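Worksheet: one structure, shown below.
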Amino acid sequence: MTSPILPTYARAEVEFEKGEGLWLEARDGKRYLDLGSGIGVNSLGHAHPHLVAALAEQADKLWHVSNLFRIPSAERLAQRLVDASFADTVFFTNSGAEALEAAIKTARKHHAVNGHPERFRIITFEGAFHGRTLATIAAGGQQKYLDGFGPKVDGFDQVPFGDWDALAAAITPETGALLIEPVQGEGGIRPVPPADLRRLRQIADDNGLLLLLDEVQCGTGRTGKLFAHEWAGIQPDIVAIAKGIGGGFPLGAMLATAEAAKGMTLGTHGTTFGGNPLATTVGNAVLDVILAPGFLEDVQRRAGLLRQRLAELKDSHPDVIEEVRGEGLMLGLKLRVPNGDFVKRALDHQLVLIAAGDNVVRLLPALTIDENEIATAFDGLDAVAASFKAQDVAEQA
Ligand SMILES: *Cc1c(COP(=O)(O)O)cnc(C)c1O
């Protein structure tokens with residue numbers, strides 16, 4: 001089917017018309033269990049009543065004013081993020097890439113106002129994904145996203161994930177920061193062990209570097225803590241979030257310490273839409289749910305159940321599933337069969353999954369997934385795995 005939309009995505013021929021909780025309904029009336037949540041975006045499921053009410057009420061009052069005026073919902077959301085984190089200050093954006101751009105600019109400006117404008121380089125890690133703007137494709141370093149788009153934005157040096165010697169060798173007098181996802185998402189659901197995050201913090205301190213974390217996918221409750229880095233007990237300097245914080249409404253943010261953000265003074269950065277009343281009202285509604293007492297503990301409990309079922313699945317289909325990985329409700333199945341094929345067959349079984357790098361399929365269900373939905377997910381995945389007959393597995397290997 002042809003479409004007037006720029007063909008940069010291979011889209012499945014399914015048209016979803018409505019959603020409720022973990023369930024999506026297609027135009028033909030078929031119901032699908034959504035284990036992808038729009039790539040970790042619908043953090044509280046579809047049409048969560050509290051989010052719908054907050055959005056509808058705000059829509060009746062005021063959609064947008066510019067950042068030339070005070071926006072109470074934005075100030076409130078920023079204060080709540082500050083109160084719940086390492087940060088002193090927040091800059092709102094509409095997307096993850098813009099939150100990363102803000103983080104990169106803030107890090108460079110920090111060193112510039114400290115008298116070291118030469119310290120603009122940032123070390124990133126292989127398998128990273130930080131967005132699709134010119135700077136963030138350079139930060140992510142993946143050739144397939146850089147090809148044909150002209151000179152790579154300067155200032156990013158990439159080292160292999162977990163190679164400490166390479167990291168030490170990459171730090172030069174021009175290095176100003178380290179940037180890493182506490183759990184790599186697009187790269188294949190690869191968590192950075194907490195001890196390694198602590199070691200990165202130490203290396204940053206020893207070398208006068210800022211530690212930037214990309215929590216666009218792993219933040220906002222996804223791992224069972226508000227921020228994934230909390231599992232390591234570290235204090236980063238700057239964190240980018242997006243995806244889950246808007247619950248489906250485009251919203252991102254850069255969180256920073258006052259020290260890291262000291263160069264970001266009047267007029268140094270801006271955005272037309274970022275932090276507008278509609279977006280930040282929804283962001284507050286998302287936090288109402290996620291920060292309610294016991295919610296994140298429930299996420300941890302649900303994550304434990306789902307992970308246990310996935311481990312069972314791996315045990316019963318060792319020729320299809322090689323490994324279960326991830327943190328909280330950010331889980332991946334590393335496959336022995338092509339992940340794209342697995343995702344396609346899952347859709348035929350009315351399960352929505354998302355492929356990731358390293359031949360992984362991702363499960364990023366709404367944080368509200370219940371035991372029945374976990375059981376449905378297990379049965380569906382079991383059927384999908386079983387559909388790969390021994391013969392297919394042998395052929396595809
Ligand atoms: C999705 C993602 C981004 C980019 O976010 P956009 O909203 O698509 O710009 C950046 N970093 C990570 C880790 C992501 O998962």
Side-chain angles (χ1 to χ4, degrees), residues 6 8-9 36-43 91-107 122 124-142 144-146 149 153 156 158 161 177-192 197 200 211-223 227-229 236 238-255 271-276 279 282-283 286 325-332 353-358 360-365 367:
L6 195 72
T8 57
Y9 279 92
S37 309
I39 319 193
V41 166
N42 306 98
S43 46
F91 180 84
F92 289 113
T93 67
N94 316 288
S95 68
E98 288 168 283
L100 265 302
E101 287 274 348
I104 293 162
K105 288 179 70 175
T106 299
I122 297 177
T124 66
F125 295 83
E126 279 177 12
F129 181 81
H130 299 300
R132 299 294 201 109
T133 61
L134 287 169
T136 56
I137 56 175
Q142 293 211 46
K144 64 179 176 183
Y145 298 146
L146 287 159
F149 294 120
V153 171
F156 298 96
Q158 197 158 62
F161 199 71
L178 309 176
L179 167 61
I180 193 164
E181 296 156 80
V183 185
Q184 271 190 357
E186 308 298 312
I189 311 294
R190 298 198 295 174
V192 180
L197 267 188
L200 289 172
L211 180 61
L212 279 48
L213 300 179
D214 180 347
E215 295 223 16
V216 168
Q217 197 164 146
C218 63
T220 322
R222 181 59 45 200
T223 67
F227 299 104
H229 68 262
I238 302 178
V239 169
I241 60 172
K243 294 199 166 93
I245 185 65
F249 201 95
L251 175 63
M254 175 196 70
L255 284 64
T271 167
T272 297
F273 292 117
N276 92 355
V282 177
V286 169
R325 46 164 91 153
E327 202 63 69
L329 285 173
M330 184 169 181
L331 292 165
L353 293 174
I354 302 170
D358 200 24
V360 163
V361 290
R362 266 181 279 186
L363 288 83
L364 304 166
L367 305 180

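The first residue in the sequence is number 1, and the count goes up from there. Being a predicted model, the structure only gives us computed values, none of them experimental. When a ligand or atom number is given, it counts from 1 through the structure's own listing order. FYI, side chains are in, hydrogens and waters are out, and symmetry mates aren't considered; it's all heavy atoms of this structure.
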Original post:
Quick one: nearest non-hydrogen protein atom to atom 14 (C) of ligand 1, plus distance?
Top reply: Lys243 NZ, 2.9 Å

Subject >> Closest approach of any protein heavy atom to atom 11 (N) of ligand 1, naming residue and atom >> reply: Asp214 OD2, 2.6 Å

Subject >> Per-residue contact class, Arg132 against ligand 1 - non-hydrogen pairs under 4.0 Å >> reply: neither

**OP:** Between Ser95 and ligand 1, find which residue part has any heavy-atom pair under 4.0 Å and reply side chain, backbone, both or neither.
**Re:** both

Original post:
With a 4.0 Å cut-off, strictly under, does atom 8 (O) of ligand 1 pick up any protein heavy atom?
Top reply: no

Original post:
With respect to Glu215, which candidate in Leu255, Ile245, Val239, Thr220 satisfies the side chain to side chain contact (heavy atoms under 4.5 Å, CB included) definition?
Top reply: Val239

Original post:
How far apart are the closest heavy atoms of Phe92 and Ala253, and which atoms are they?
Top reply: CD2-CB, 3.8 Å

Original post:
Any salt bridge between Glu186 and Arg362, counting N to O under 4.0 Å?
Top reply: yes

Check this for me - ligand 1, [X], N or O atoms closer than 3.5 angstrom, yes or no?
X      : answer
Ala97  : yes
Phe129 : yes
Leu100 : no
Glu98  : no

